[in-house]
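These notes are about the structure you will find just below.
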2 protein chains.
Amino acid sequence: MRASSVDHYILQALEESSEHITSAQIYERVRAHLPAVNPSTVYRALERLAHNGKISISDLGRGAMVYQSMNAGAHDHLVCQRCGEIIHLEHDRFKEIFSALEAQYGYRMVTNHLVLWGLCPACQSESEAGG
Amino acid sequence: MRASSVDHYILQALEESSEHITSAQIYERVRAHLPAVNPSTVYRALERLAHNGKISISDLGRGAMVYQSMNAGAHDHLVCQRCGEIIHLEHDRFKEIFSALEAQYGYRMVTNHLVLWGLCPACQSESEAGG
DNA sequence: ATCGCAAATGCAATTCTTTGCATTATAATA
DNA sequence: TATTATAATGCAAAGAATTGCATTTGCGAT
Ligand SMILES: [Zn+2]
Ligand SMILES: [Zn+2]
Ligand SMILES: [Zn+2]
Ligand SMILES: [Zn+2]
């Protein structure tokens, strides 16, 4: 790996927003610094950063992947399938299971940004009503 | 919802294969029965079936989503990020956590086919070596 | 049997993402 | 500094999946 200015501006964008944002949003912000940058370069950089554990790539049901800095550390989410509400979960919650899996299968766990789907209380009633 | 022959042939294809297969593979098998069927119809049917809990839709790193019948019940997987090895996990392993989440947030859990990423023993050494 | 509605479908266009290949930029080496 | 190897990039094309809109189909009500 080599010093890439795209990587730098992507991380900057992700750290400034601190939320999950799409590649389009990232692309816009990188382009503010590197006007001639190509989308595929951004995608490749995102892949690279995820592979190195710097960011997470997730499907949160928005129609496009969302990206987030891993600076604040591993964490997970519970997402309502119907309204999209996102709840933050401590990653420690899965620590025990992950350790057990590592012990049982000899794997080294990589997952650090799980997305669990469910129905929030409000959407449960609306779903029963026939939403 | 209405009786859809596409749904029927998709479920048949998934139950016959019993493995995770791609939409292209499903499309081929549905087309054997309905030669004029359109890909988008298959995609929409797959979405419908997943929404009704009949099938799972997952990214197993194959470049396309993979689909599986939920007939055999909820289950999960541990997948090697590098070589793609897939390990089957009992869903009961997550029962406790899911119950706790439901109690804590009032959500009804929907996730029934988790995909966890890791590195298998062999790929761990190769990764350290610089693969 | 006929009517009317809602679900399902076909088709084309669009969106999001990946990939192949040639080129450029960086870092290490001689 | 000149050379070489490797990583990153640009560009265009391909691939996967979704969406809009018009049409068809199945189902219940009349
Ligand atoms: Zn997150
Ligand atoms: Zn909700
Ligand atoms: Zn499975
Ligand atoms: Zn492996």
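Each chain gets a letter, A, B and so on, in the order its sequence line appears, and its residues count up from 1. Fair warning: this is a prediction, and the values are worked out from it, not measured in the lab. Atom set for the values below is all heavy atoms of this structure, side chains included, hydrogens, waters and symmetry mates excluded.
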### Task
Classify every nucleotide of nucleotides 9-18 of chain C by which part a protein heavy atom approaches to under 4.0 Å, writing B for the base, S for the sugar-phosphate alone and - for neither, in 5'-to-3' order.
BBB----SBB
### Query
Are Arg29(B) and Ser17(B) close enough, and set up right, to give a side-chain contact (heavy atoms from CB on, under 4.5 Å), and what steps lead you there?
CA-CA 11 Å; Arg29(B) 295 173 198 195; Ser17(B) 78; 3.5 Å; yes
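- Going from atom CG of Leu34(A) over to atom P of dA25(C) covers 13 Å, rounded to whole Å.
- Atom pair Tyr27(B):OH and dA17(D):P shows a separation of 14 Å (rounding to whole Å applied).
- In summary, of the residues considered (Lys54(A), Arg48(A), Arg44(A)), a salt bridge (Lys or Arg N to Asp or Glu O under 4.0 Å) with Asp7(A) occurs for Arg48(A) alone.
- Between His8(B) atom NE2 and dA8(C) atom P there is a gap of 16 Å when expressed in whole angstrom units.
- Screening residues 102-122 of chain A for ring-ring contact (aromatic ring centres under 6.0 Å, His included), with sequence neighbours left out, gives His20(A)-His113(A), His75(A)-His113(A), His77(A)-His113(A).
- Here Asp76(A) does not pair with Arg93(A) in a salt bridge; the nearest charged N to carboxylate O distance is not below 4.0 Å.
- Using a 4.5 Å heavy-atom cutoff, the side chains of Leu14(B) and Ile21(B) are in contact.
- Atom-to-atom, NE2 of His51(B) to P of dA7(C) comes out at 13 Å; the value is rounded to the nearest Å.
- No hydrogens or angles considered: nothing links the side chains of Tyr67(A) and Ser56(A) as a donor-acceptor pair under 3.5 Å.
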